S.K.: 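I'd like to ask some things about the structure below.
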Amino acid sequence: MTNFKTVTATVSAVALILGLATMPSLAAQTDITVGMQLEPPNLDPTGGAAAAIDEVVYANVFEGLTRFTADGEVVPALAESWDISEDGLTYTFHLRDGVTFHDGSSFDAEDVKFSIDRARAEDSTNAQKALFADIQSVEAVDAQTVKITLSQPNGLFLFNMAWGDAVIVAPETADTLATDPVGTGPFAFATWTKGDSVALEKYAEYWGEAPRLDKVTFKFIPDPTAAFAAVMAGDVDAYPNFPAPENLEQFKADPRFTVIVGSTEGETILAMNNKKAPLDDIKIRQAISHAIDRQAIIDGALFGYGTPIGTHFAPHNPDYVDLTGQSAHDPEMARKLLDEAGVSDLTLSLKLPPPAYARRGGEIIAAQLKEVGITAEITNVEWAQWLEDVFKAKNFDLTIVSHTEPMDIGIYARDDYYFQYADADFKAILEELNKTTDPANRSELLGKAQRKIADDAVNAYLFQLPRTGVANAKIMGLWPNAPTQANDMTAVYWVD
Amino acid sequence: MTLYLLRRLLSLSLTLLAASIVVFLVTEIIPGDPAAFMMGINADPAAIAALRSELGLDQPVAFRYLNWIVGMLQGDFGQSYTYRVPVSELVGDRIAVSLPLTLYALALSTLIAFPAGVFAASRRNAPGDIAIMGVTQLGVAVPNFWFAMLLVLLFAITLQWFSAGGFPGWDAGVLVALKSLTLPAIALALPQASILARVMRSSLLDTLDEDFVRTARAKGLSRSQALWGHALRNALIPVLTIVGLQFSFLLAGGIIIENVFYLPGLGRLVFQAISQRDLIVVRSVIILLVFAVVAVTFLVDIAYAIADPRLRRQRR
């Protein structure tokens with residue numbers, strides 16, 4: 001790497017002397033090394049929930065009928081256009097022509113039918129099976145046309161089809177995607193050095209605009225200190241989700257780097273066990289919400305990055321309603337509510353999964369709760385333990401977690417979900433929302449849903465998880481936000 | 001010697017069998033379901049159940065244990081739950097990093113410690129001895145990960161002679177690969193070398209006080225002749241013990257250094273597998289490490305016998 005840079009530097013110097021510097025493309029780099037904290041366990045986005053899978057393959061290797069843009073908008077991908085029937089039940093997708101898979105086989109309607117039927121099958125191991133729940137049948141009308149019939153209208157259907165879990169795969173390669181992903185995207189899978197890196201190479205036969213990079217290497221560096229060293233030493237060119245926010249100031253001061261601050265779909269909440277006494281009392285839940293100073297947590301746990309939220313919805317979404325005032329930091333009020341509820345000396349368990357936002361945030365929240373007379377007993381747990389103990393067994397009072405799936409307010413309509421909200425009125429709102437396709441009506445219903453869960457103080461809503469990244473200042477086109485967990489490399493390029 | 005070897009082999013197998021039972025039961029008891037971990041918090045329970053049965057997790061415990069043991073005896077370590085590739089392949093890739101790193105560090109540590117220890121012992125309480133003791137005291141006290149960070153700061157970030165970490169693979173060329181292991185090996189080796197040098201020195205000093213050395217001096221050998229000709233070999237037993245322990249420690253215990261230099265070694269594989277509840281990988285790697293430790297102890301025993309003929313005779 002260093003040698004290569006020296007060579008490039010020498011070449012540029014020589015070029016400059018010869019007066020050839022007017023041709024900057026000579027020196028522009030066409031490969032990139034991107035740092036990631038976690039290694040994907042496998043590379044099949046249709047068979048696991050690990051964010052790292054999509055961070056490598058989404059939009060790079062695999063594509064769906066629709067896709068997310070950097071702003072979170074849903075645009076055509078493998079489907080060029082679509083018609084929706086009057087009743088909102090039938091979607092006819094017109095597929096793009098001249099699309100091929102990386103193994104050379106052509107893409108057609110049968111592949112779409114296969115992929116969607118595979119995801120919604122009885123024995124499917126698709127982690128987001130719910131995305132396909134409303135589909136009644138998939139029909140390949142002809143090679144370029146697919147008709148999908150829903151059992152009930154679903155305003156989010158096109159959005160759902162943009163998820164990484166809904167990408168189109170070929171039947172011949174479906175069983176080996178985990179280790180040898182074959183998709184239709186602008187980059188084809190090249191190598192995977194387990195524990196170290198995954199390399200992708202430009203796919204020459206790509207149907208769309210050719211990417212400007214020839215090679216993308218994702219390098220896995222879990223330790224924050226090591227990540228810092230790797231960026232400083234130039235071993236990685238970009239680290240879009242940098243794990244050590246405390247180092248960002250240093251990068252900002254260094255002209256070699258740019259710091260990219262964006263948002264994610266991660267609503268970070270202090271979740272409460274709504275069925276477990278005393279948290280089944282709304283007064284106690286409100287008291288906890290008022291006891292929390294969101295800005296102090298953002299400053300203390302995230303070094304100032306992050307947007308406060310007052311409900312379970314992403315602030316960058318046009319339908320977001322700012323309800324932070326409703327549960328503003330007010331220890332007086334919190335104490336009063338606790339008095340009204342008739343409790344004193346309350347002790348609650350607070351279980352914290354590994355991410356820094358939870359562990360650091362948890363310490364701060366415990367201190368804030370202490371001020372209003374609630375003792376939070378902190379237990380640090382691993383993810384696997386959290387899933388077993390908190391998520392499945394519901395054996396907790398409080399926990400902190402970031403819900404990173406886009407548009408996931410629907411989890412509040414799931415009775416058995418770990419915070420156990422189970423409210424008929426909320427479910428009615430969601431049901432209506434699902435049936436509504438008119439944007440204005442949807443927006444109103446989404447507002448209603450956001451207010452409902454804030455009024456009921458289901459959880460204490462903390463902040464939208466930021467995405468803070470660092471990159472070489474000469475790299476352009478990286479996504480600042482994460483509308484889905486992805487590192488889309490199609491538009492990335494180097495300048496001189 | 002044959003009987004001795006057979007007895008050692010039997011005890012080696014029994015140790016492995018006991019370890020396999022303990023490892024299996026412990027990984028069975030810890031909470032956490034690999035399928036639930038892989039599917040995340042939005043997953044459909046039916047999809048989790050489907051994955052559990054695909055991974056064979058819905059079978060009885062005894063059946064899975066026997067399956068695992070029988071498979072291992074046939075050289076089949078099973079398939080990783082999360083990576084979906086054979087465990088032997090995963091472990092093989094990691095050993096290709098961890099074993100060379102361990103040997104590299106051990107070689108460096110021995111190359112530094114032997115001369116330093118002998119030099120210090122031969123100049124007991126002289127300035128050279130005091131200097132070496134001071135430096136090694138520091139070497140023992142400094143945590144290796146901190147020392148590793150200093151190395152990165154100097155050689156990777158400031159001087160840019162080495163990359164800050166990572167392993168390009170042996171395909172990239174032996175020299176390139178060795179270069180990427182150099183900083184980690186130094187970081188691992190220095191604390192170990194300090195310990196070894198101190199052990200070497202004190203063991204040698206003890207030996208130098210023994211009667212046979214005095215006899216050797218009395219018959220006219222110089223101090224250094226007595227040291228090299230008679231004392232050194234006798235002083236080796238405790239040193240070999242430490243070297244053996246260090247090998248096991250470096251092979252399994254390199255995880256922190258692997259993290260600092262983001263090397264894809266065995267330690268990181270186990271760590272990752274534990275947090276993802278990829279239990280089949282955890283079990284197989286632990287058994288492999290137990291095997292390595294037992295085997296090294298066995299080899300050290302043989303090395304004792306070579307270094308000290310008295311032990312050889314006793315064992316016959």
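Within every chain, numbering begins at 1; the chains are lettered A, B, ... in the order of the sequence lines, protein sequences first and strands thereafter. Just so it is clear, the model here is predicted, and its values are computed rather than measured.
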S.K.: Measuring heavy-atom distances to chain B, does A:Tyr418 have an atom under 4.5 Å in its side chain, in its backbone, in both, or in neither?
M.R.: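 Neither part.
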S.K.: Parallel, tilted or perpendicular: which describes the rings of A:Phe251 and A:Phe242, with under 30° parallel and over 60° perpendicular?
M.R.: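 Correct class here is perpendicular.
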S.K.: So A:Tyr417 and A:Phe391, would you call those rings parallel, tilted or perpendicular, with 30° and 60° as cut-offs?
M.R.: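 Plane angle over 60°, so perpendicular.
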S.K.: For A:Ala229, is it the side chain, the backbone, both or neither that has a heavy atom under 4.5 Å from a heavy atom of chain B?
M.R.: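 Looking at A:Ala229, backbone and side chain both touch chain B.
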S.K.: What closest approach, in Å, do B:Ile280 and B:Gln79 show between heavy atoms, and which atom pair accounts for it?
M.R.: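 Minimum heavy-atom separation between B:Ile280 and B:Gln79: CG2-O, 3.3 Å.
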S.K.: Where on A:Thr179 is there a heavy atom nearer than 4.5 Å to chain B: the side chain, the backbone, both, or neither?
M.R.: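 Interface part for A:Thr179: side chain.
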S.K.: Relative to chain A, which segment of B:Val260 carries a heavy atom at a distance below 4.5 Å: side chain, backbone, both, or neither?
M.R.: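 Backbone only.
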S.K.: Give the member of B:Gln272, B:Arg94, B:Gln276 that has the highest number of heavy-atom pairs under 4.5 Å with chain A.
M.R.: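 It is B:Arg94.
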S.K.: In terms of side-chain geometry, is the basic nitrogen of A:Glu39 or A:Lys219 positioned less than 4.0 Å from the acidic oxygen of its partner?
M.R.: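 No salt bridge links A:Glu39 with A:Lys219.
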S.K.: Counting heavy-atom pairs closer than 4.5 Å to chain A, which one of B:Arg84, B:Arg268, B:Glu54 comes out on top?
M.R.: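 Of the candidates given, the most pairs with chain A belong to B:Arg268.
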S.K.: Considering only heavy atoms, which portion of B:Leu269 lies under 4.5 Å from any heavy atom of chain A: side chain, backbone, both, or neither?
M.R.: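 No part of B:Leu269 comes within 4.5 Å of chain A.
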S.K.: With no hydrogens and no angle check, do the side chains of A:Asn472 and A:Asp237 hold a donor and an acceptor under 3.5 Å apart?
M.R.: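 There is no such pair between these side chains.
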S.K.: Can you tell which part of A:Asn126 gets under 4.5 Å to a heavy atom of chain B, answering side chain, backbone, both or neither?
M.R.: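 The backbone, not the side chain.
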S.K.: May I ask you to decide if the ring planes of A:His312 and A:His403 are parallel, tilted or perpendicular, using 30° and 60° as cut-offs?
M.R.: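 Geometry flag for A:His403 against A:His312: perpendicular rings.
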S.K.: What part of A:Gln385 gets closer than 4.5 Å to chain B, counting heavy atoms only: side chain, backbone, both or neither?
M.R.: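 Both parts, backbone and side chain.
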S.K.: Between B:Ser275 and A:Trp383, is there a side-chain donor-acceptor contact under 3.5 Å, judged purely by atom types and distance?
M.R.: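 There is no such pair (donor and acceptor under 3.5 Å, judged by atom type) between the side chains of A:Trp383 and B:Ser275.
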S.K.: Measure A:Pro354 against the heavy atoms of chain B and call it side chain, backbone, both or neither at under 4.5 Å.
M.R.: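 Neither part; nothing is under 4.5 Å.
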S.K.: Relative to chain B, which of A:Pro222, A:Ser197, A:Ala178, A:Ala133 shows the most heavy atom pairs under 4.5 Å?
M.R.: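 Heavy-atom pairs under 4.5 Å are most numerous for A:Pro222.
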S.K.: Counting only non-hydrogen atoms closer than 4.5 Å, does B:Asp93 touch chain A with its backbone (N, CA, C, O), its side chain (CB onward), both, or neither?
M.R.: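 The answer is the side chain of B:Asp93.
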S.K.: Under 4.5 Å heavy-atom distance to chain B, tell me which part of A:Ile221 shows up: side chain, backbone, both or neither.
M.R.: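 Both backbone and side chain of A:Ile221 come within 4.5 Å of chain B.
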S.K.: Between A:Asp123 and B:Arg52, does any side-chain N to carboxylate O distance fall below 4.0 Å?
M.R.: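 Salt bridge: no.
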S.K.: Do the numbers put B:Arg277 on top of the ring of B:Tyr81, so that NZ or CZ is under 6.0 Å from the six-membered ring centre and no more than 45° off the axis?
M.R.: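 Checked: cation-pi criterion not met.
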